[in-house]
Amino acid sequence: MAVRATVTRFPIDVESLEESGLPWGVTVSPFAAKDENGNPPVYGSEGHLLPRCENCWSYYNTYCEQEQWAWTCSLCGTLNGLSSQSVSRYSQPESCPENISSFIDLELPIEESEEMQARPVYVAAIDLASSEEFLELVKSALLAALEALGPGSLFGLAIFSHKIGLYDVQGPIPVVKNVFIPHDSDGTLSMELQDVMPLSSFLAPVDTCKDRIASALETLRPTTSWERTSGAGQGLDGVFLGGRGFGSAMEALLNYIGSEYGNTFALARVFAFLSGAPDIGAGQLDTRRYGEQYASRREDADRALLPEQTPFYKDLAAVAVQSGVCVDIFAVTNEYTDLASLKFLSIESGGSLFLYTSTDDSTLPQDMYRMLSRPYAFNCVLRLRTSSEFQQGHSYGHFFPDPQYENVQHIICCDSFATYAYDFEFANNTGFSRHTSELPMLQIAFQYTVVVPPDELANAGSNTTTRAKHSLKKRLRIRTLQFGVGHSINEIYDCVDSEVVLSLLVHKVILASLEQGVREGRMLLHDWLVILTAQYNDACKLIQSGHGGSSGVHIDVAFSQCPQLQPLPRLVFALLRNPLLRLHEEGVHPDYRIYLQCLFSALEPSSLSRAVYPLLTSYASPDKQAYPRHSLSRAALITSGSPIFFLDAFTNLIVFYSSTADPSLPFPPPQDCLLRTTINKLKQERCITPKLSFIKGGQDDATAFENYLIEEQDVEGSGFTSVMGFVSFLEEINQSTLEYLK
């Protein structure tokens, strides 16, 4: 569980918080195997015996003062009694994880109602209203997925177009049974899927049926327009009226699989492969809104294209949650698919949303394999508690709030990368005391379940024919942290984590964009930097008036006296240049913007920082690094004199050989060199597979690389301008700060 705060010393009171101009909060990656410093938790059992405070319900931890029969809560100061069982446990403190470490992970007992055969269940739902290229890509992705699935897993193959088809691959040849999807928006199927094929025939054991599943995949063909129109009875003077009943298919599948929730499985994962917008049946989407002329109506296109068209997919996500199903959507298309409406089905059911604009260089197979190879937790509950002087404000991330309890979040499915953010506010006007030794406390509790595969060693000696069972393990992970207090603004500025500040800003501007449009999100970000610049200059007493009145005032826009704040102007500039906040008329596709919103709001701070402001390093040769970091400008390339540059933009990795590089340098770099080792390590550590490309300056088209050299591009609009981009941006912040100070 990694926890990072925007400031490691908290502001002492409301006034100090406002004077700093900084967001105050934390990011939490609850299922990360280690903390932010690389330390693992101390593991133990009997989590249900851990004492809890009678007042604030926080858990006993190493910061609590303990007497023989009582303990004082480190969060609220309440004196609590200890049971005789706890007294005997704590008579040998070194035997209990909660007395050894403030980061613990304890096993919880499984209740009888939860005892079940918890086999991992995976279902692929494939769009046949697509192309040969799309299906070839999906086949290779699913073959990769089958290699990653653990022993004992069950796999189901479903297809959809103007009909939904279920495959039975457990016999000698694959059998598919279909049911037509009605065209109307009600889209209810003429019969239940359970009547089309029993679930036990649909879900095949991967161990024995892997080859047959592969054979079934080979039979997949795109439906022809003739099939779709005649099958759905919608041919009208030869005009094709659609044939992708995604909403109806998903609704039927969720009800079908959900019938075995709590019996066969504890969590099922559905992979939905989509090549365009749903256009028949329930949840059909009108893609004409993308082509409308918003400018002529004086409407903000970004604001019009960001909200969902229909609540159908949000409601369907609630059905998925009730059915114990997590849905991942893989959209492979360059057409407008309205991910603004579809995204809820994935992110609110604990899944992910992936977008690939082309089948040619898609990393879908690698992403599938990677996603299924890493451990994940499910049925998670996340609860953050604070000491009494401050409290949680907003919470951000892909979870859903508990309908009954405040500040409790439910996460359906969570891997080690998933990150959530919280901002804080003071509970009263007093703030933290200047005179006592009591410091701000934060406790994060994360209850989760994992599926443990059958221990093969246990059966190694026996000749039993009964299939070994997967079992569930329920655990409670607790992290208690103590923070310092900044008694002056300078103390607060000295302990800023700019990457976490960026994380909270990204969450806030995404929220503002969704509610009020992208322009509003841009203004919010710009104004925040202006206010921070003004507060910093005021706090550091840097505002000196020259002889010429206000025109002689010098503003330090580069935060030259505070190294911790110095990355922020560049990060804000880069975020304003990012497609997340670029305007519709600049050619940003609304689906790509939605994809970025979903991706960015789940990334941990270092990854997000890399995605917003890429890292550019230079190499003297493939085996020798020259400089670890350059600014993203052509000037940096020219002045460094290095022949090779490596750009890491999180989703893209580019190796660029300058046109003046020595021709004897091997291109592309050989597999056993330092540069390749660096690239491979980065690829292993990512939650998604970055796309790798090699460009030789002077020979290849270098546009993909040059587009990342943003510091010479204007913040408004694209392309290179006569004014230097980042420099003129700082001048503009300088002017705006002067206006603000007036």
Side-chain angles (χ1 to χ4, degrees), residues 1-5 8-10 12 25-26 28 30 34-37 39-109 381-392 405-408 422 424 426-428 430-448 474-485:
M1 183 187 286
V3 181
R4 289 174 64 180
T8 48
R9 285 176 178 268
F10 286 180
I12 198 157
V26 291
V28 181
K34 294 177 178 175
D35 69 12
E36 62 285 358
N37 300 314
N39 304 311
V42 173
Y43 289 92
S45 56
E46 301 186 316
H48 61 298
L49 299 179
L50 194 61
R52 298 188 71 172
C53 175
E54 293 163 11
N55 176 44
C56 71
W57 290 100
S58 66
Y59 293 89
Y60 173 87
N61 58 79
T62 50
Y63 294 101
C64 298
E65 289 177 16
Q66 190 202 328
E67 298 159 36
Q68 190 181 354
W69 293 98
W71 60 282
T72 305
C73 174
S74 58
L75 273 78
C76 71
T78 301
L79 185 68
N80 298 276
L82 278 172
S83 66
S84 52
Q85 193 180 11
S86 297
V87 171
S88 63
R89 258 170 69 91
Y90 295 153
S91 60
Q92 296 173 305
E94 63 284 348
S95 66
C96 305
E98 61 267 34
N99 279 327
I100 300 169
S101 171
S102 59
F103 181 21
I104 57 174
D105 193 303
L106 308 177
E107 197 167 328
L108 293 169
V381 182
L382 186 61
R383 176 75 160 91
L384 183 137
R385 292 182 175 89
T386 62
S387 48
S388 49
E389 307 88 352
F390 70 113
Q391 62 195 24
Q392 182 187 316
Y405 299 103
E406 210 181 358
N407 299 338
V408 175
Y422 300 88
F424 298 137
F426 282 98
N428 52 46
T430 326
F432 302 110
S433 170
R434 289 176 186 274
H435 309 295
T436 67
S437 59
E438 287 176 14
L439 290 168
M441 298 293 302
L442 181 64
Q443 187 177 78
I444 299 149
F446 179 62
Q447 184 181 303
Y448 64 96
K474 211 173 188 178
R475 304 193 69 92
L476 175 64
R477 186 173 285 191
I478 299 168
R479 179 93 192 272
T480 310
L481 300 103
Q482 191 176 60
F483 290 90
V485 171

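Computed from a prediction, not measured in an experiment: that's the story for all the values here. Reckoned from all heavy atoms, side chains included, excluding hydrogens, waters and symmetry mates.
- Pairs engaging residues 100-109 under the salt bridge (Lys or Arg N to Asp or Glu O under 4.0 Å) rule: D105-R475, D105-R477, E107-R475 [sequence neighbours left out].
- Distance check, rounded to the nearest 0.5 Å: CE of M441 to OG of S74 gives 4.0 Å.
- When atom types are taken as modelled, the side chain of Q482 and the backbone of L439 share no donor-acceptor pair closer than 3.5 angstrom.
- When all heavy atoms of F483 and A5 are compared, the closest pair comes out as CE2-CB, 3.8 Å.
- Considering all non-hydrogen atoms of both residues, F10 and P440 come closest at CD1-CB, 3.7 Å.
- Screening residues 83-98 for salt bridge (Lys or Arg N to Asp or Glu O under 4.0 Å) gives E46-R89, R89-E98 as the qualifying pairs, with residues at least two apart or on separate chains.
- By the ring pair (Phe, Tyr, Trp, His ring centres under 6.0 Å) test, Y422 pairs with no residue at all, sequence neighbours left out.
- For the pair D35 (side chain) and N37 (backbone), a donor-acceptor distance under 3.5 Å is present.
- Looking at every heavy atom in both residues, C53 comes nearest to C76 through SG-SG, 3.6 Å.
- Here the shortest heavy-atom pairing between P51 and W71 reads CB-NE1, 3.8 Å.
- Taking the ring pair (Phe, Tyr, Trp, His ring centres under 6.0 Å) definition, one finds that F424 meets it with W24, F390, sequence neighbours left out.
- Considering only residues two or more places apart in sequence or on other chains, S387 meets the side chain to side chain donor-acceptor pair (under 3.5 Å) condition with E389.
- Atom OG1 of T72 and atom CG of L79 lie 5.0 Å apart (nearest 0.5 Å).
- Applying the side-chain contact (heavy atoms from CB on, under 4.5 Å) rule to R4 yields the partners T27, E36, D497, E499, V500, E604, P605, S606; only residues at least two apart in sequence or on another chain are considered.
- The line from CG of L75 to CG of N55 is 10.5 Å long, rounded to the nearest 0.5 Å.
- With sequence neighbours excluded, the residues forming a side chain to side chain donor-acceptor pair (under 3.5 Å) with Q391 are E425, listed by chain and number.
- To the nearest 0.5 Å, the span separating OG1 on T62 from CZ on F103 amounts to 12.5 Å.
- A distance of 8.0 Å separates CD1 in I104 from CG in N61, rounded to the nearest 0.5 Å.
- Partners of R383 by side-chain contact (heavy atoms from CB on, under 4.5 Å), not counting sequence neighbours, listed by chain and number: R385, N407, V408.
- Sorted pairs that involve residues 52-70 and meet salt bridge (Lys or Arg N to Asp or Glu O under 4.0 Å), not counting sequence neighbours, are lacking altogether.
- Here S86 pairs with S83 under the side chain to side chain donor-acceptor pair (under 3.5 Å) rule; sequence neighbours left out.
- Contact between P30 and L382 at its shortest, heavy atoms only, is CB-CD1, 4.1 Å.
- Scanning for side chain to side chain donor-acceptor pair (under 3.5 Å) contacts around Q66 gives Y60, with sequence neighbours left out.
- Here the closest non-hydrogen pair linking I478 and Y59 is CD1-CG, 3.5 Å.
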